Amino acid sequence: MSQSLYAADTTAGLALAGDLTRPARLTVPDLLAWPQHEAEVSFECATSGIQHHRFTGPLLHDVLSAAGPVFDPARRKDRLRFLIAVSGADGHHALLSWAEIDPDFGRAPVLLAATVDGTPLDRAGAQLVLPQDRCGARHISGITSIRVDGGYTSWA
């Protein structure tokens, strides 16, 4: 394992992988270096009722765009076939489409949260936050990996 990913201060990290020209490993301090966006979020948690939090972090779209998704420029709207799979340390997973986060299509302000209620998530790890979701089911805590996949070629 990389020293920068799990240094002595136990800073959690996540892997960006899949159909990317620049796969990477990122920590919460890395995410704090990006332009920060804020979201006041209320969602219904099945186990503890309605939750209210303020999250800050970069947009998922910005971070993944910088990793260089391998869209085919010869194929019109190629990016629409890409999926994004997010996994958390607790075994939770969520799947999004590229179109959902793309500013030309769904423009969902999905965050890779680096703080919650003003507290950095260095040890717990970044969180996937979908402010538009009423239910917190796609909220992923302690992200371990994000995989971008445009590998399938047939709709048969």
Side-chain angles (χ1 to χ4, degrees), residues 1-48 51-71 79 81-103 105-151:
M1 281 188 198
S2 166
Q3 288 290 55
S4 65
L5 180 59
Y6 296 105
D9 68 353
T10 65
T11 298
L14 63 93
L16 298 180
D19 295 328
L20 301 169
T21 58
R22 292 175 298 281
R25 287 195 166 292
L26 299 173
T27 63
V28 167
D30 294 330
L31 295 174
L32 287 168
W34 287 80
Q36 298 294 291
H37 297 264
E38 186 173 300
E40 296 281 341
V41 178
S42 295
F43 57 86
E44 191 172 329
C45 180
T47 58
S48 56
Q51 301 289 308
H52 303 279
H53 296 288
R54 181 176 43 86
F55 295 95
T56 59
L59 293 174
L60 176 63
H61 179 267
D62 293 348
V63 173
L64 292 182
S65 291
V70 292
F71 303 140
R79 60 194 162 160
R81 69 184 175 89
F82 280 69
L83 299 174
I84 303 161
V86 181
S87 298
D90 60 1
H92 285 102
H93 306 281
L95 186 64
L96 297 90
S97 71
W98 187 273
E100 187 173 356
I101 65 169
D102 192 300
F105 299 98
R107 193 184 303 183
V110 178
L111 294 182
L112 286 178
T115 73
V116 59
D117 300 326
T119 302
L121 293 166
D122 294 7
R123 293 178 187 260
Q127 296 185 14
L128 182 72
V129 177
L130 292 92
Q132 69 277 15
D133 285 6
R134 180 189 64 78
C135 172
R138 291 195 296 172
H139 179 103
I140 303 292
S141 297
I143 298 170
T144 56
S145 67
I146 300 174
R147 180 169 185 78
V148 176
D149 188 356

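The chain is numbered in sequence order, starting from 1. Atom set for the values below is all heavy atoms of this structure, side chains included, hydrogens, waters and symmetry mates excluded. This structure is a prediction, so every number in the text was calculated from the model and none was measured.
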Report summary line: Correct closest heavy-atom pair for L14 and L16 would be CD1-CD2, 3.7 Å
Requested in this report: Rounded to the nearest 0.5 Å, what's the gap from CD1 on I143 to CD on Q127? Could you check?
Outcome: 8.0 Å
Query raised in the report: Between atom CG of L95 and atom CD1 of I84, what is the distance when rounded to the nearest 0.5 Å?
Result: 8.5 Å
Requested in this report: Drop me the distance from L112's CG to L31's CG, to the nearest 0.5 angstrom.
Outcome: 6.0 Å
Query raised in the report: Side chains of L111 and H37: closer than 4.5 Å at any heavy-atom pair?
Result: yes
Report summary line: Between Q36 and G57, the two heavy atoms sitting closest are OE1-CA, 3.2 Å
Query - Which atom of P131 lies closest to which atom of P109, heavy atoms considered - result: CD-O, 3.4 Å
**Report entry** CZ/R22: more than 12 non-hydrogen atoms of other groups inside 6.0 Å
**Finding:** yes
Report task. Return yes if a side-chain donor-acceptor contact under 3.5 Å exists between S65 and D62, otherwise no. Result -> no
Query raised in the report: Taking all atoms of both residues into account, what is the closest heavy-atom pair of F82 and V70, and its distance?
Result: CZ-O, 3.6 Å
Query - Spacing of R54 atom CZ and T115 atom OG1 [to the nearest 0.5 Å] - result: 6.5 Å
Query raised in the report: Can you name the closest pair of heavy atoms from A17 and P23 and give their distance?
Result: CA-CB, 4.5 Å
Report task. Any side chain to side chain donor-acceptor pair (under 3.5 Å) involving residues 91-100? Give me the pairs, sequence neighbours left out, ordered by first then second residue. Result -> S87-H93, D90-H92, W98-D102, E100-R138
Query - side-chain contact (heavy atoms from CB on, under 4.5 Å) evaluation trace for V63 with I146 - result: CA-CA 11 Å; V63 173; I146 300 174; over 6 Å; no
Query raised in the report: By side chain to side chain donor-acceptor pair (under 3.5 Å), which residues pair with S145, not counting sequence neighbours?
Result: none
**Report entry** Minimum heavy-atom distance A99-F105, with the two atoms named
**Finding:** O-CB, 3.3 Å
Report task. Find out whether L130 and H139 are in side-chain contact, i.e. whether some heavy atom of one side chain is under 4.5 Å from a heavy atom of the other. Result -> no
